Amino acid sequence: MNILEIKHLYKKFGSNEVIRDLSLSVPSNTVFGFIGKNGAGKTTTMKMILGLLKADKGNITVAGEQVAYGQTNTNRFIGYLPDVPEFYNFMNSLEYLKLCGEITGMNKKSIVARSKELIQLVGLEDAKKKKIGGFSRGMKQRLGIAQALLNEPRLLICDEPTSALDPVGRKEILDIMKSVKDKTTIVFSTHILSDVERICDDIAILKNGKIALTGTLADIKSKHAVDSLRIIFQDMMDQINFQKYFMTNDTVTVEKVENNTLLIHSSHIEETQSSIIRVLYETKILPVSYELLEPTLESLFLEVVE
Ligand SMILES: Nc1ncnc2c1ncn2[C@@H]1O[C@H](COP(=O)(O)OP(=O)(O)OP(=O)(O)O)[C@@H](O)[C@H]1O
């Protein structure tokens, strides 16, 4: 079953058509990467899923129930971590979680039990009595996730949870997301593609207000990503000679990345390797190194959005 379904969604601000016929399905129990450049409309879409922003047209369902603007019914299924979470700096994390639990109508006993569990899960055990005002960005983001998970949501929506963090902070957040994926579906928006590659099962790439590409990460990479080869030559003469004899076509491009180094991109890598080896043999050029590079999501993303 799909925990989230979006059909033919539209939203404009004045004359700025941000979302234009966006359709999207998020299968249950996945980590779903919602990818797009800055300003692509990720936050706008998330706010419509939460019923915080009115769509001009289209339909959104969460756990099979229709989302209505201004109503919070479907939000009982959702935990939300905004891009810049706001806290009361004078509180400590336990006081903050207690307040959030009370607002959402949880009973006292569950608030205490759940807060304790979550503080441990997000690694704030040692800082649970410390005032939030003294927290680092990473600690605040971890507390934000704890708050979003408080009422055991079926869908956890995180808006750019790792964007402002250093590599250690990012890893901590990704590890937390990975550890809860059996219990909740996670949709997280980002433009950091290495994060997506680390934890996502499924992805959707947002471009020009609609989904340009969606599916499982593995499928997309195997079907769309272009393989690359890096050849480092002994000197510039070898590199120039190689380029003189090596024929490019629609499926093969050559990029000079630095002195004596070429990147060759190809959608038919085996054929291309044969031609490279033939040219190297015929020209008697012996490269310093010859390396097949794994297709990355980054190269695919650039191809889709550029
Ligand atoms: N309330 C608003 N009024 C007018 N324009 C808005 C409003 N909210 C968003 N926009 C515009 O909509 C576009 C998409 O913004 P949005 O914040 O959804 O993008 P995003 O993909 O989340 O970007 P980022 O990665 O920078 O957060 C931007 O051009 C933004 O300026």
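Quantities reported herein were computed from a predicted structural model and do not represent experimental measurements.
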I'd like to know if the side chain of Glu197 and the backbone of Leu297 have a donor-acceptor N/O pair within less than 3.5 Å.
yes
Side-chain donor-acceptor pair under 3.5 Å between Thr72 and Asn75, yes or no?
no
For Met1, does the CE atom have more than 12 heavy-atom neighbours from other residues, nucleotides or ligands under 6.0 Å away?
yes
What do you reckon, is CZ of Phe13 surrounded by more than 12 foreign heavy atoms closer than 6.0 Å?
yes
Main chain of Gly123, side chain of Arg142: is a donor-acceptor contact present, judged purely on distance under 3.5 Å?
yes
Would you indicate whether the side-chain heavy atoms of Lys130 and Asn92 approach each other to under 4.5 Å?
no
With a 4.5 Å cut-off on side-chain heavy atoms, are Leu124 and Met139 touching?
yes
Are the side chain of Asp227 and the backbone N or O of Ser266 linked by a donor-acceptor pair below 3.5 Å?
no
Are there more than 12 heavy atoms of other residues, nucleotides or ligands under 6.0 Å from atom NZ of Lys11?
yes
Side-chain heavy-atom pair Leu155, Phe32 within 4.5 angstrom cut-off
no
Any donor-acceptor N/O pair, Gln71 side chain to Gly51 backbone, under 3.5 Å:
no
Decide if atom NZ of Lys171 counts as having more than 12 heavy atoms of other residues, nucleotides or ligands within a radius under 6.0 Å.
no
Apply the test side chain to side chain contact (heavy atoms under 4.5 Å, CB included) to residues Arg230 and Leu263: give CA-CA distance (whole Å), side-chain angles for both, the deciding distance (0.1 Å), then the verdict.
CA-CA 5 Å; Arg230 180 168 42 217; Leu263 269 188; 3.8 Å; yes
Would you find a donor on one side and an acceptor on the other, under 3.5 Å apart, between the side chain of Thr261 and the backbone of Ile232?
no
For Ile269, which fellow cluster members are found when Ile, Leu, Val, Met, Phe, Trp and Tyr are connected by side-chain heavy-atom distances below 4.5 angstrom, either directly or through intermediates?
Leu229, Ile231, Phe233, Phe242, Tyr245, Phe246, Val252, Val254, Leu262, Ile264, Ile276, Ile277, Val279, Leu280, Ile285, Tyr290, Leu292
So, do Ser189 and Val187 sit near enough that their side-chain heavy atoms are less than 4.5 Å apart?
no
Hydrogens and angles aside, do Asp195 and Thr162 bring a side-chain donor and acceptor to less than 3.5 Å of each other?
yes
Is any side-chain heavy atom of Lys98 closer than 4.5 Å to a side-chain heavy atom of Met91?
no
Can you name the closest pair of heavy atoms from Ile111 and Ser115 and give their distance?
O-OG, 2.6 Å
My understanding is that only residues two or more places apart in sequence, or in another chain, count here; which of them pass ring-ring contact (aromatic ring centres under 6.0 Å, His included) with Phe135?
none
Measuring from atom CG of Leu81 to atom NZ of Lys140, what distance do you get when rounded to the nearest 0.5 angstrom?
13.0 Å
How far does CD of Glu160 sit from CD1 of Ile192, to the nearest 0.5 angstrom?
7.5 Å
Would you say Phe188 and Cys200 make side-chain contact, with heavy atoms under 4.5 Å?
yes
Where do Ala40 and Ile19 come nearest, in terms of heavy atoms and distance?
O-CD1, 4.5 Å
Hey, could you give me the CE/CG distance between Met106 and Leu97, rounded to the nearest 0.5 Å?
9.0 Å
What I want to find out is whether Arg114 reaches Glu117 closely enough, with some N-O distance under 4.0 Å, to be called a salt bridge.
yes
Taking the six-membered ring of Phe34, is the NZ or CZ of Lys42 close enough (under 6.0 Å from the centre) and on axis enough (within 45°)?
no
Tell me whether the count of non-hydrogen atoms from other residues, nucleotides or ligands lying under 6.0 Å of CZ in Arg137 goes above 12.
no
Quick check against the 3.5 Å criterion: does Thr216 have a side-chain atom that pairs as donor or acceptor with the backbone of Asp202?
no
Worked check of side chain to side chain contact (heavy atoms under 4.5 Å, CB included) between Val31 and Met177
CA-CA 8 Å; Val31 181; Met177 292 207 270; 5.6 Å; no
Residue among Ile173, Leu174, Leu217 satisfying side chain to side chain contact (heavy atoms under 4.5 Å, CB included) with Ile199
Leu174
CD of Glu291: more than 12 outside heavy atoms within 6.0 angstrom?
yes
Would you say that Leu143 contacts Gln147 through its side chain, given a criterion of any heavy-atom pair below 4.5 Å between the two side chains?
no
So how far is it from Glu125 CD to Gln120 CD, rounded to the nearest 0.5 Å?
5.0 Å
Closest non-hydrogen contact found for Ala148 with Leu156 is CB-CD1, 3.5 Å
Are Met48 and Val67 close enough, and set up right, to give a side chain to side chain contact (heavy atoms under 4.5 Å, CB included), and what steps lead you there?
CA-CA 8 Å; Met48 288 191 277; Val67 173; over 6 Å; no
Evaluate the side-chain proximity of Lys183 to Glu152: yes if any heavy-atom separation is below 4.5 Å, no if none is.
no
Is Asn16 atom CG crowded by more than 12 heavy atoms from other residues, nucleotides or ligands, each under 6.0 Å away?
yes
Under 3.5 Å, side chain of Thr184 to main-chain N/O of Arg154, donor-acceptor pair present?
yes
Restricting to non-hydrogen atoms, name the atom on Gly101 and the atom on Leu150 that form the minimum distance, rounded to 0.1 Å.
N-CD2, 3.4 Å
Out of the candidates Thr74, Ile60, Thr61, only one should pair with Leu4 under the side chain to side chain contact (heavy atoms under 4.5 Å, CB included) rule; please name it.
Ile60
Would Asp56 and Lys12 pass as an ion pair if we require N to O under 4.0 Å?
no
Side chain to side chain contact (heavy atoms under 4.5 Å, CB included) between Ser228 and Glu255, intermediate numbers included:
CA-CA 10 Å; Ser228 305; Glu255 184 190 349; over 6 Å; no
Rounded to the nearest 0.5 Å, how far apart are OG1 of Thr251 and NE2 of His265?
13.0 Å
